[in-house]
Amino acid sequence: TEGEEAELLAPMGEALFNQCHYGDAIAAWLQAITVYRAQGAHDQVARLYARAGRAAWYNSETPRGLALCREGMAAVPADTETPGLAVLLHETGRACFFNGLPDEALAFCQRAMALAQKLNLIDVQADTLATIGILPRQTPEARIAALKQAVTIAESAGLLAVAIRAHVNLGGQLKHTLDLAQSRYHSARALELTHRAGAVLWKLDERMTALNDALNDGDVQAGGQILDELREMIPTMPVPAHVMPQLRMVTAWYDYQTGQFDSAITLLQQCQADFRQLGDLQQVSNLNCDLGMFLRELGRLEEAETTLLEAIEIGDRGLGSGPVVPRCELAVVYACQGRHDDAQALLQTTRQLISKEETYHENARLRLAEALIAVQQHRWEEAFVHFAEVVAATEQLQAPWYQVQVRLEWAKAHLARGAAADAQPAQELLRQCKVMFTKMKNSFYVKQVEEMLAKMPALPSGAAA
């Protein structure tokens, strides 16, 4: 009978979902929904629309995920109060967030939480808290509190999928607030639970995490080895559509760190096109910030401006890198274009944004932007003060790659001024950079620094070195 068929299709969809066959899972659930709608089984209709929405997101079909959720909301009577509707309310809120609709996201999550509490649905409460913890226009403390609550509920109830998601989100939030030990703990815990859950892609997740850590440390040798492993691993797995663009994004960073700048830009532009086609605003925002910086460093300022304006538009909707980071980078672009009033106005806006939602990471980005803009405007002493502030911040962030890059920019600023008093600090900074790049086994940058040192006049006898 049709009823029996629907009872088979629903778990079949779950099996397909667990094997990462997201499109097939959606098809199975939509077939089951047709039967359940005819039967007036509103709870099952709502639940399966929610699952289909989540599968679409995993399949990198972000707009489709929201469309399925809205279709489900329209299919269920307004006075329905069932567990399935609570699941759908939350999934609709989550989909709104990833489609750049933060106000709707919060409203749906609040409705989901209220119904989940009324019906004592622990799983929906935990999952909803894991979403509330990433919504914009909250203090970092409020986000972290929601995510810690989600972790506690999910772990105590044995809800592996929700616990994994809560740990991932909490690790990300803690990284921004400089609680690095706890950030690493929650990221590692997420991987541990992913493995325990038997997720098909756990090894891929583990290697991608290791690759990001290696590049954050500037360890291009380890990064290159992990990239080779991933290129061999991915053809053996049923990877979702977003995996290859994400791998290209990380490869672009590897190319940038090894001096292959044109290749890095080409890769990011390919990813940009892919993620735009998928409607993945989160990834478009993230990569546009990197791409804007790469373009600016190569002097392609008009392209950088266009790229960063798009990142700001998305970030202002609560997605990706948020509103602060792309504004910092765009202000530097304006300064490089000679638009100094525009640069200062944008910096002032950015300072106001940070005062409302301050994180250590964003403050460091603002100080670096202030330093680079001061260099463009030949306000040298102010620039040097800001560089010192950023170096101190990056040391606390435990991000060796950024530490050495800031020192290199600081040395270049001294060389650009070229006063007699600049020789000693420039040489000291360059020597520090050489030591750090040597430790990273980065032959491209070691050579660059050596060439810069070779062009400098010898320090006077008796000068400190």
Can you tell me how far apart [atom1] ([X]) and [atom2] ([Y]) are? Round to the nearest 0.5 Å.
X: Met436; Y: Gln403; atom1: CE; atom2: CD; answer: 4.5 Å
X: Glu362; Y: Arg327; atom1: CD; atom2: CZ; answer: 11.0 Å
X: Phe294; Y: Glu303; atom1: CZ; atom2: CD; answer: 14.0 Å

Discussion item. I'd like to know if Glu370 pairs up with Arg351 as an ion pair, taking the criterion as any Lys NZ or Arg NE/NH1/NH2 lying under 4.0 Å from an Asp or Glu carboxylate oxygen.
Written reply: yes
Counting only pairs under 3.5 Å, give me each side-chain donor-acceptor contact of residues 150-167, with atom names and distances, residues two or more places apart or in other chains.
| residue | atom | partner | partner atom | Å |
| --- | --- | --- | --- | --- |
| Thr152 | OG1 | Lys148 | O | 3.0 |
| Glu155 | OE1 | Arg189 | NH2 | 2.9 |
| Glu155 | OE2 | His167 | NE2 | 2.7 |
| Glu155 | OE2 | Arg189 | NE | 2.9 |
| Glu155 | OE2 | Arg189 | NH2 | 3.3 |
| Ser156 | OG | Thr152 | O | 2.9 |
| Ser156 | OG | Ile153 | O | 3.0 |
| Arg165 | NH1 | Asp127 | O | 3.1 |
| Arg165 | NH1 | Asp127 | OD1 | 2.7 |
| Arg165 | NH1 | Thr131 | OG1 | 3.2 |
| Arg165 | NH2 | Thr131 | OG1 | 2.5 |
| His167 | ND1 | His186 | ND1 | 2.9 |

Please confirm whether the backbone N or O of [Y] pairs with a side-chain atom of [X], one donor and one acceptor, at under 3.5 Å?
X: Asn286; Y: Ser321; result: yes
X: Asp280; Y: Arg276; result: no
X: Arg143; Y: Leu135; result: yes

Scanning both residues in full, the closest heavy-atom pair of Cys69 with Gly53 reads SG-CA, 4.2 Å
Note to self: With a sphere of 6.0 Å drawn around CD of Gln277, does it hold more than 12 non-hydrogen atoms of other residues, nucleotides or ligands?
What the structure shows: no
Can you see whether [X] engages [Y] through a side-chain donor-acceptor pair at a distance of less than 3.5 angstrom?
X: Thr194; Y: Asp205; value: no
X: Tyr36; Y: Glu7; value: yes
X: Trp253; Y: Asp290; value: yes
X: Gln257; Y: Tyr445; value: no

The salt bridge (charged side-chain N to carboxylate O under 4.0 Å, His left out) partners of Arg317 (sequence neighbours excluded) come to Glu313
Taken in chain and number order and not counting sequence neighbours, the residues that satisfy side-chain contact (heavy atoms from CB on, under 4.5 Å) with Gln270 are Arg248, Thr266, Leu267
Any side-chain heavy-atom pair of Leu230 and Leu211 under 4.5 Å: yes
